[in-house]
Amino acid sequence: MTDAKKQAALDYHAQPIPGKLSVEITKPTDSAKHLAMAYSPGVAEPCREIARDPENAYRYTGKGNLVAVISDGSAILGLGNLGPLASKPVMEGKGVLFKRFAGINSVDIEVDAESPQAFIDTVTRIADTWGGINLEDIKAPECFEIERALIEQCNIPVFHDDQHGTAIVTAAGMLNALDIAGKSLEEARIVCLGAGSAAIACMKLLVSCGAKAENIFMLDRKGVIHSGRDDLNQYKAMFATETDKRTLDEAIDGADVFVGLSGPNLLSPEQLRRMAANPVVFACSNPDPEIHPDVAHETRDDVIMATGRSDYPNQVNNVLGFPFIFRGALDVRATCINEAMKIAAVTAIKDLAREPVPQAVLDAYEVESLSFGRGYIIPTPLDARLLDRVSSAVAQAAVDTGVARRSYPAHYPLESVADVYG
Ligand SMILES: O=C([O-])CC(=O)C(=O)O
Ligand SMILES: [Mg+2]
């Protein structure tokens with residue numbers, strides 16, 4: 001970013017009041033009578049009702065539309081381990097997106113935890129107060145154990161956005177991009193640079209969608225993850241291939257797909273040049289991609305290019321997923337977010353990109369037209385139809401797979417966030 005853009009980003013966060021989120025009151029509070037209901041003595045009644053039956057928390061408090069965004073700051077975007085407090089702008093940002101796109105209230109919680117167990121203990125002790133928990137920017141491999149333990153111990157959806165949100169959106173964009181390239185996921189040779197939480201989840205979901213594990217070359221900081229290595233944790237070991245390739249330079253030759261979930265500027269123009277025809281490049285490190293889209297397009301005119309950023313076409317970013325996935329899960333009081341719900345979200349996002357784009361989206365992006373093709377493989381986050389399409393697909397999948405504690409919402413379809421309370 002230029003210095004002017006950096007300063008504008010700081011000013012955006014600082015002015016006119018610090019931060020990006022505030023809390024609003026939803027009941028009248030103008031008279032002594034109101035206060036006597038909102039607080040003592042009236043507030044005692046819902047307390048008694050919840051003590052009698054915990055389900056009443058959904059009726060008398062904001063629990064059912066409230067998601068905790070929780071991080072330890074150990075893997076903030078592609079910036080690394082900057083600690084819990086420095087992750088707060090991102091966590092507030094997730095809250096902005098939850099509210100803006102799906103009408104979900106959220107609170108950001110930054111935990112200073114000395115171990116995964118300390119983090120797990122902290123979260124389990126506060127879990128009951130939320131409708132769902134969005135884990136964010138926690139480094140691998142600790143994030144896998146943390147998520148597994150919390151799913152086991154909590155009876156509300158616990159979802160590590162960097163794994164599953166990113167994977168869902170990547171899979172949706174990838175299926176469309178390969179279709180445009182005239183290739184299939186089953187045959188595609190895929191290079192995945194990065195072996196952190198997002199990379200591992202993305203490759204797992206691509207395999208569920210049809211990719212062949214033996215066609216995937218995953219690289220960590222030491223190079224290609226191959227079966228001869230003895231330094232792999234169990235998560236990386238799932239992607240160890242039988243190969244004599246050792247470096248990105250070797251793996252990239254003839255590859256159909258590059259997925260970057262690593263760090264800035266790690267794919268060179270020379271390497272891009274050596275990929276197969278119509279290469280699909282998802283350079284998703286935030287904020288700075290593995291190859292800048294301008295450089296990629298200058299290097300090859302047949303590249304199908306996506307990044308995680310809002311200021312370039314084809315934004316493959318978990319924002320297209322997590323607000324709506326939680327919306328659907330909360331609205332049927334799902335106990336978890338299972339594979340069927342994730343695949344339902346992939347399909348809904350993928351299919352929406354093939355429909356005509358509404359004028360409001362064209363206006364928001366200041367473009368004349370957008371239609372399914374190289375420059376538009378995935379809907380934009382400002383597409384208001386995502387709310388209904390993804391939430392309803394996820395809610396239906398939860399009902400179909402028996403993890404919903406309520407029936408399919410009678411107030412669906414959702415036209416806008418104004419409809420979320422029915
Ligand atoms: O915040 C974003 O733009 C996407 C994300 O979760 C990450 O990069 O960790
Ligand atoms: Mg993240």
Side-chain angles (χ1 to χ4, degrees), residues 1 5 9 12-13 20-21 67-84 86-102 104 106 108-111 119 132-140 142-144 146-147 158-173 192-202 205 259-266 282-290 293 306-326 337 342 345 349 378-382 386:
M1 285 219 284
K5 280 191 181 161
Y12 177 89
H13 283 80
K20 300 189 288 254
L21 262 187
V67 167
V69 177
I70 312 186
S71 184
D72 63 358
S74 59
I76 307 176
L77 311 178
L79 304 173
N81 185 351
L82 306 186
S87 76
K88 192 169 174 73
V90 175
M91 304 313 134
E92 272 194 352
K94 297 284 169 182
V96 167
L97 303 172
F98 267 123
K99 185 76 174 185
R100 167 70 174 77
F101 294 127
I104 293 172
S106 75
D108 60 290
I109 299 175
E110 293 76 22
V111 181
F119 186 90
I133 292 173
N134 182 101
L135 300 172
E136 192 70 40
D137 293 4
I138 301 170
K139 77 180 174 69
E142 291 82 352
C143 63
F144 302 117
I146 286 171
E147 191 194 37
V158 176
F159 180 83
H160 184 202
D161 175 41
D162 297 289
Q163 288 184 62
H164 315 299
T166 310
I168 287 163
V169 178
T170 300
C192 177
L193 186 62
S197 62
I200 286 172
C202 281
L205 192 59
V259 176
L261 292 153
S262 49
N265 302 318
L266 295 173
F282 283 14
C284 294
S285 171
N286 290 314
D288 297 311
E290 284 76 4
T307 69
R309 296 168 60 123
S310 303
D311 52 355
Y312 281 89
N314 294 335
Q315 185 180 12
V316 171
N317 186 301
N318 48 34
V319 62
L320 289 174
F322 70 82
F324 319 110
I325 293 163
F326 270 97
I337 294 170
K342 292 175 198 164
I349 296 168
I378 192 138
T380 70
L382 289 167
L386 283 162

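Just follow the structure's listing: the first ligand is 1, and inside any ligand the first atom is 1. As the structure is a computational prediction, the values presented were derived from the model and not from experiment.
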Q: Take the angle between the ring planes of Phe326 and Phe98 and call it parallel below 30°, perpendicular above 60°, tilted in between.
A: perpendicular
Q) From Asp311 CG over to Met1 CE, what is the distance, rounded to the nearest 0.5 angstrom? A) 8.5 Å
Q. Between Asp137 and ligand 1, which residue portion shows a heavy-atom distance shorter than 4.0 Å: side chain, backbone, both, or neither?
A. side chain
Q. For Ile337 and His164, what are the C-alpha separation, side-chain angles and deciding distance, and is it a side-chain contact (heavy atoms from CB on, under 4.5 Å)?
A. CA-CA 10 Å; Ile337 294 170; His164 315 299; over 6 Å; no
Q | Thr166/Cys284 under side-chain contact (heavy atoms from CB on, under 4.5 Å): CA gap, chis, key distance, verdict | A | CA-CA 9 Å; Thr166 310; Cys284 294; 5.8 Å; no
Q: Show the numbers, then the answer: is there a side-chain contact (heavy atoms from CB on, under 4.5 Å) between Ile70 and Ile133?
A: CA-CA 7 Å; Ile70 312 186; Ile133 292 173; 3.9 Å; yes
Q) Listed by chain and number, what are the side chain to side chain contact (heavy atoms under 4.5 Å, CB included) partners of Ser71, not counting sequence neighbours? A) Ser87, Met91, Asp137
(Q) So, applying salt bridge (Lys or Arg N to Asp or Glu O under 4.0 Å) with Asp108, which one of Lys20, Lys99, Lys94, Lys88 is it? (A) Lys88
Q) Is any protein N, O or S atom closer than 2.8 Å to the Mg ion (ligand 2), and if so, which? A) Glu136 OE2, Asp137 OD1, Asp162 OD1
Q: Please step through side-chain contact (heavy atoms from CB on, under 4.5 Å) for the pair Arg100 and Leu382, ending with a clear verdict.
A: CA-CA 10 Å; Arg100 167 70 174 77; Leu382 289 167; 3.5 Å; yes
Q) At under 4.0 Å between heavy atoms, which part of Asn317 makes contact with ligand 1: side chain, backbone, both or neither? A) side chain
Q. So do the side chains of Cys202 and Leu261 get within less than 4.5 Å of each other, counting heavy atoms only?
A. yes
Q. What do you reckon, does Glu136 put a non-hydrogen atom under 4.0 Å from ligand 1?
A. yes
(Q) So if I count the atoms of ligand 1 from 1 in the order they appear, which ones are less than 4.0 Å from some heavy atom of Lys94? (A) 1 (O), 2 (C), 4 (C), 5 (C), 6 (O)
Q) So which bit of Asp162 gets within less than 4.0 Å of ligand 1, heavy atoms only: side chain, backbone, both or neither? A) side chain
Q) Considering only the protein, which heavy-atom contact is closest to atom 8 (O) of ligand 1, and what is its distance? A) Asn286 ND2, 2.9 Å
